[in-house]
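Computed over heavy atoms, backbone and side chain alike; hydrogens, waters and symmetry mates excluded. Note that the coordinates shown come from a computational prediction; the quantities given were computed from them, not determined experimentally.
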Amino acid sequence: MKVSSSIVVMSITILIFLGGVKGERDEKEARAAKTIQVSSDIEASSRLDAAKGAHARALKLQYDADEAVASAQHSLELAQRAAELAANDVKQLQDEVHAIESSIGS
């Protein structure tokens, strides 16, 4: 019986050891998975920050473009008004020249 109880004790010891080894392996795998997850989270966060930055730059460019269009439209309106005034001045000068020519001719 002594041999039999020694075998049982050795078997239990081996099972405990194997369980401990398996537990360590599971723990290492869990830590590796957690490290990969944290790394993935950091990369995703970095990509999100980059996307937010790109979006902010795009909005700024859109705003600048809108401002440039508004400024160009205002400049066009001013140029059109200046052209109208110049046309009126030319018409007035032509009328004066015509009046002078008429008075000289009479």
Side-chain angles (χ1 to χ4, degrees):
M1 292 267 175
K2 188 170 184 173
V3 173
S4 172
S5 65
S6 294
I7 292 174
V8 169
V9 168
M10 285 177 43
S11 297
I12 291 172
T13 303
I14 290 171
L15 288 174
I16 290 172
F17 175 76
L18 290 176
V21 169
K22 183 181 183 307
E24 287 177 21
R25 187 178 71 230
D26 290 346
E27 186 178 317
K28 287 179 184 177
E29 288 175 1
R31 279 186 293 198
K34 182 69 175 174
T35 300
I36 291 170
Q37 182 63 44
V38 167
S39 177
S40 294
D41 290 349
I42 290 170
E43 184 178 345
S45 176
S46 176
R47 287 184 180 181
L48 179 61
D49 289 344
K52 286 179 180 178
H55 183 251
R57 288 187 302 276
L59 288 175
K60 173 74 168 100
L61 287 173
Q62 169 108 33
Y63 176 80
D64 290 346
D66 290 345
E67 287 293 312
V69 167
S71 177
Q73 286 174 336
H74 182 68
S75 294
L76 178 60
E77 290 168 2
L78 290 175
Q80 288 172 336
R81 181 66 182 140
E84 290 171 3
L85 291 173
N88 287 341
D89 288 347
V90 167
K91 174 79 168 106
Q92 188 177 22
L93 288 173
Q94 286 174 340
D95 290 345
E96 288 177 18
V97 167
H98 183 65
I100 293 171
E101 287 176 344
S102 295
S103 69
I104 293 175
S106 12

field: Euclidean distance, Ile36 CD1 relative to Lys34 NZ, rounded to 0.5 Å
entry: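 Going from NZ on Lys34 over to CD1 on Ile36, the span is 12.5 Å.
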query: Between atom CD of Glu96 and atom CG of Asp89, what is the distance when rounded to the nearest 0.5 Å?
result: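 With rounding to 0.5 Å, CD (Glu96) is 9.5 Å from CG (Asp89).
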Distance-only donor-acceptor pairs under 3.5 Å for side chains of residues 61-72, two or more places apart:
from  : atom 1 : to    : atom 2 : distance (Å)
Asp64 : OD1    : Lys60 : NZ     : 2.8
Asp64 : OD2    : Lys60 : NZ     : 3.1

task: Apply side-chain contact (heavy atoms from CB on, under 4.5 Å) to the pair Lys52 and His55, showing each step before the final yes or no.
output: CA-CA 5 Å; Lys52 286 179 180 178; His55 183 251; 5.6 Å; no
field: Ser39 side chain to Thr35 backbone, donor-acceptor under 3.5 Å
entry: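 No, Ser39 side chain to Thr35 backbone: no donor-acceptor pair under 3.5 Å.
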query: Does any non-hydrogen side-chain atom of Asn88 lie less than 4.5 Å from one of Gln92?
result: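 SC-SC contact between Gln92 and Asn88 ruled out.
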- prompt: Are Arg47 and Glu43 close enough, and set up right, to give a salt bridge (Lys or Arg N to Asp or Glu O under 4.0 Å), and what steps lead you there?
  reply: CA-CA 6 Å; Arg47 287 184 180 181; Glu43 184 178 345; 2.7 Å; yes
- request: Go through the side-chain N and O atoms of Asp41 and Gln37 and say whether any donor and acceptor fall under 3.5 Å apart.
  value: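 Per modelled atom types, Asp41 and Gln37 side chains form a pair under 3.5 Å.
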